[in-house]
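Reminder, nothing fancy here: chain letters follow the sequence lines and each chain counts from 1.
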Number of protein chains: 2
Amino acid sequence: MDKIRIIVVDDHPMVLEGMRGMLSQIGFVELAGLAANAYEAMTILKASAADIVITDINMPEISGIELAAKIRTEFPKVKIIAMSTFKERSYISQMIQNGASGYLVKSASREEIEEAILSVHEGKLYMSLDVSLSSADKQEMVNVPMLSSREKEVLLLIADGMTNPQIASKLFISLHTVDSHRKNLLTKFSVNNTASLIKQAAKFNLI
Amino acid sequence: MDKIRIIVVDDHPMVLEGMRGMLSQIGFVELAGLAANAYEAMTILKASAADIVITDINMPEISGIELAAKIRTEFPKVKIIAMSTFKERSYISQMIQNGASGYLVKSASREEIEEAILSVHEGKLYMSLDVSLSSADKQEMVNVPMLSSREKEVLLLIADGMTNPQIASKLFISLHTVDSHRKNLLTKFSVNNTASLIKQAAKFNLI
DNA sequence: TTTCCCATCCCCTGAACAGGGGATTTTGTT
DNA sequence: AACAAAATCCCCTGTTCAGGGGATGGGAAA
């Protein structure tokens, strides 16, 4: 079997160095290049073939989301694995919409990175199942309320500073309806006012 | 000159591997050990001498803050460098209170890590000056309003869901005074209501 | 068909908030 | 002493919010 050629993109030297070290321990992987930003990544891709690009989601100037879109356009055969911290996982759906085939949290072990690479190389979708979550992070996952799509929509608009009448006007619904959603949000988050609601929503990375 | 013996503590394998790679490139550094948590770190410290411990601030079970306090108590000669992401920098003052002599952001280059190690080893305080901030992070630093201590206090209480009368009662001041602080907060954050205020405060990691 | 969830809509009420106006006192610095 | 910032306090007003109560209709799943 040919080795899987991989490019890693991250603006943190420490992460690049760590990935270099980890990938060097995987026998079926050949490191095609390390890139500190999207420009370098595209340059490496043009100069030498790669099978998989592992890229951070949040980067200065051109984000991982934009990079994924570019790669999908110019190198449709190249597979993409997105990487982020647990706190930043809410962007993963955008990465997938822009062509990513896998997702890894930065706390992933070498074994999980291996598994992700193999799965994605075989054409499967790989989603990180991180077992090293801190108890605080675990608690967060348990406590995040399930919101309907309308509730999410109203939550975002409240967080943007819009009043009930403004939201009603924007969504072409009654003021009473907005108020109902707002009350449901307060109940679901178990809070008594908007301040607490927004604080919790921010804590859960919903806004 | 003797080599500086260093232990690195972080629950992310990728970061540990990255630090191993970077430290191996620094001639005056000897890696005394890698630890995935505070327990391992203390075990390594007891088994072999180290000059500096570089530890992540946020870790499961026993945080970097607690670890720093333990190290200061049991190994007062060992210097501590705290590490965090840019978003988590608000905890650095606690690390320093618990004995840390230096602070590095995780986006630091190998050169800056070198400099931090040398400074701290010479007994100086080292604070990371990260030049690779994303433009979004830079904008955040520029836009964070200067709050008085009372304003900060009131902000936290508002974010906790307390009403003006409740805050007034808690702080032994007039309802009008609380309202004044609240209005000043709205002005300083350039927002029109509490929802926006809390969202911004969360964005700036003030709550 | 029944049940459940979601979206929509309404009522009443008092508390809370935000926009505007103003003031005095205290504290810290030069 | 002079000055500026912070803390404290007050007024008026209308809007908004939150707590409580209720309803109907549509769509999906069992």
Peer 1: What I want to find out is whether B:K70 reaches B:E74 closely enough, with some N-O distance under 4.0 Å, to be called a salt bridge.
Peer 2: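 Here B:K70 does not pair with B:E74 in a salt bridge, since their nearest N and O are not under 4.0 Å apart.
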
Peer 1: Calculate the interatomic distance between A:F172 atom CZ and C:dA7 atom P; express it in whole Å.
Peer 2: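 That distance rounds to 18 Å.
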
Peer 1: In Å and rounded to the nearest 0.5 Å, what is the OG1 to CD1 distance from B:T55 to B:I7?
Peer 2: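 If I round to the nearest 0.5 Å, the distance is 10.5 Å.
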
Peer 1: In whole Å, I'd like the distance from the CG atom of B:D179 to the P atom of C:dG20.
Peer 2: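 That distance rounds to 13 Å.
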
Peer 1: Looking at five pairs on each end of the helix from C:dT1-D:dA30 to C:dT30-D:dA1, what is the angle between the two axes, given to 10 degrees?
Peer 2: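 Nearest ten degrees gives 60° for this helix.
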
Peer 1: By the 4.0 Å heavy-atom rule, please label B:N184 as base, sugar-phosphate, or nothing.
Peer 2: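 The answer is nothing, as B:N184 stays clear of every strand by at least 4.0 Å.
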
Peer 1: Does B:H176 put a side-chain nitrogen or oxygen below 4.0 Å from OP1 or OP2 of D:dC11?
Peer 2: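 Indeed, a polar side-chain atom of B:H176 lies that close.
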
Peer 1: Check nucleotides 4-7 of chain D for protein N or O atoms closer than 3.5 Å to its own N or O atoms and list the pairs.
Peer 2:
residue: D:dA7; atom: OP1; partner: B:R150; partner atom: N; Å: 3.2
residue: D:dA7; atom: OP2; partner: B:S148; partner atom: OG; Å: 2.3

Peer 1: Quick check against the 3.5 Å criterion: does B:N37 have a side-chain atom that pairs as donor or acceptor with the backbone of B:E40?
Peer 2: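 It does hold such a pair.
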
Peer 1: Base, backbone or nothing for each nucleotide of nucleotides 24-30 of chain D, written B, S, -, heavy atoms under 4.0 angstrom, 5' to 3'?
Peer 2: -------

Peer 1: Excluding sequence neighbours, so at least two apart, what forms side chain to side chain contact (heavy atoms under 4.5 Å, CB included) with A:L156?
Peer 2: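 Scan of A:L156 (side chain to side chain contact (heavy atoms under 4.5 Å, CB included), adjacent residues dropped) gives A:I207.
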
Peer 1: Test of understanding: with side chain to side chain contact (heavy atoms under 4.5 Å, CB included), list the residues that count as partners of B:K124, not counting sequence neighbours.
Peer 2: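 For B:K124 the side chain to side chain contact (heavy atoms under 4.5 Å, CB included) partners, ignoring immediate neighbours, are B:S119, B:E122.
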
Peer 1: With side-chain hydrogen bond (donor to acceptor under 3.5 Å, both in side chains) as the rule and sequence neighbours excluded, what pairs involving residues 153-163 of chain B come up?
Peer 2: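 Residue pairs passing side-chain hydrogen bond (donor to acceptor under 3.5 Å, both in side chains), neighbours aside: A:K199-B:D160, B:R150-B:E153, B:T163-B:Q166.
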
Peer 1: Taking only residues two or more places apart in sequence or in another chain, which ones pass side chain to side chain donor-acceptor pair (under 3.5 Å) with B:E115?
Peer 2: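 Here no residue qualifies.
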
Peer 1: D:dT16 P sits how many Å from A:N193 CG, rounded?
Peer 2: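 Going from CG in A:N193 over to P in D:dT16 covers 18 Å.
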
Peer 1: Each nucleotide in nucleotides 21-30 of chain C should get exactly one letter: B, S or -. Can you fill that in based on protein heavy atoms under 4.0 Å?
Peer 2: ----------

Peer 1: Can you list the residues that meet the side chain to side chain donor-acceptor pair (under 3.5 Å) rule with B:K183, with sequence neighbours excluded?
Peer 2: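 Checked B:K183 against side chain to side chain donor-acceptor pair (under 3.5 Å); matches are B:D179.
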
Peer 1: Rounded to whole angstroms, how far apart are CZ on B:R182 and P on C:dA16?
Peer 2: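 Taking CZ of B:R182 and P of C:dA16, I get 11 Å after rounding.
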
Peer 1: Is there side-chain contact between A:M14 and B:M19, with at least one heavy-atom pair below 4.5 Å?
Peer 2: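 Yes, their side chains come closer than 4.5 Å.
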
Peer 1: Round to the nearest Å and state the distance from B:L175 atom CG to C:dC17 atom P.
Peer 2: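 Atom CG in B:L175 sits about 9 Å away from atom P in C:dC17.
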
Peer 1: Specify the closest pair of heavy atoms between A:N58 and A:D11, including all atoms of both residues, with the distance to one decimal.
Peer 2: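 Heavy-atom minimum between the residues: O-OD1, 3.8 Å.
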
Peer 1: Does D:dC17 have its OP1 or OP2 closer than 4.0 Å to a side-chain nitrogen or oxygen of A:T194?
Peer 2: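 The answer is no; no side-chain N or O of A:T194 sits under 4.0 Å from OP1 or OP2.
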
Peer 1: Just the rounded figure in Å: distance from C1' of C:dA18 to CG of B:L197.
Peer 2: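 Between C1' of C:dA18 and CG of B:L197: 12 Å.
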
Peer 1: Name all residues meeting the side chain to side chain contact (heavy atoms under 4.5 Å, CB included) criterion together with A:Q200; count only those two or more places apart in sequence or in a different chain, and write none if there are none.
Peer 2: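 In terms of side chain to side chain contact (heavy atoms under 4.5 Å, CB included), with neighbours along the sequence ignored, A:Q200 is linked to A:F189, A:V191, A:K203, A:F204.
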
Peer 1: Short of 4.0 Å, heavy atom to strand atom, which residues of residues 154-166 of chain A count as contacting DNA chain C?
Peer 2: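 DNA chain C contact set from residues 154-166 of chain A: none.
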
Peer 1: Please find the pair of heavy atoms, one from B:A35 and one from B:I44, that lie closest to each other, and give the distance.
Peer 2: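 Looking at all heavy atoms of both residues, the shortest contact is CB-CD1, 4.1 Å.
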
Peer 1: Between B:D10 and B:K106, does any NZ, NE, NH1 or NH2 come within less than 4.0 Å of an OD or OE carboxylate oxygen?
Peer 2: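 Yes, B:K106 and B:D10 are salt-bridged.
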
Peer 1: Tell me what A:L186 touches on the nucleic acid: a base, only sugar-phosphate, or nothing, going by heavy atoms under 4.0 Å.
Peer 2: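 Sugar-phosphate contact only.
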
Peer 1: Please report the shortest heavy-atom distance between A:A108 and A:L104, naming the atom on each side.
Peer 2: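 Smallest heavy-atom distance, with atoms named: CB-CD2, 4.0 Å.
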
Peer 1: Could you report the tightest heavy-atom contact between B:I57 and B:S84, atom names first, then the distance?
Peer 2: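 Smallest heavy-atom distance, with atoms named: CD1-CB, 3.7 Å.
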
Peer 1: Please give, in whole Å, the distance from D:dT8 C1' to B:E153 CD?
Peer 2: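 My rounded result for the distance is 14 Å.
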
Peer 1: Distance check: side-chain N/O of B:N192 vs OP1/OP2 of C:dG19, anything under 4.0 Å?
Peer 2: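 Answer is yes, contact under 4.0 Å.
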
Peer 1: With rounding to the nearest 0.5 angstrom, report the CD to CD distance, B:E17 to A:E17.
Peer 2: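 So the CD of B:E17 and the CD of A:E17 are separated by 8.5 Å.
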
Peer 1: Under the side chain to side chain contact (heavy atoms under 4.5 Å, CB included) rule, collect the residues that match up with B:T194, sequence neighbours excluded.
Peer 2: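 Listed in chain order: A:A195, B:I158, B:R182, B:I198.
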
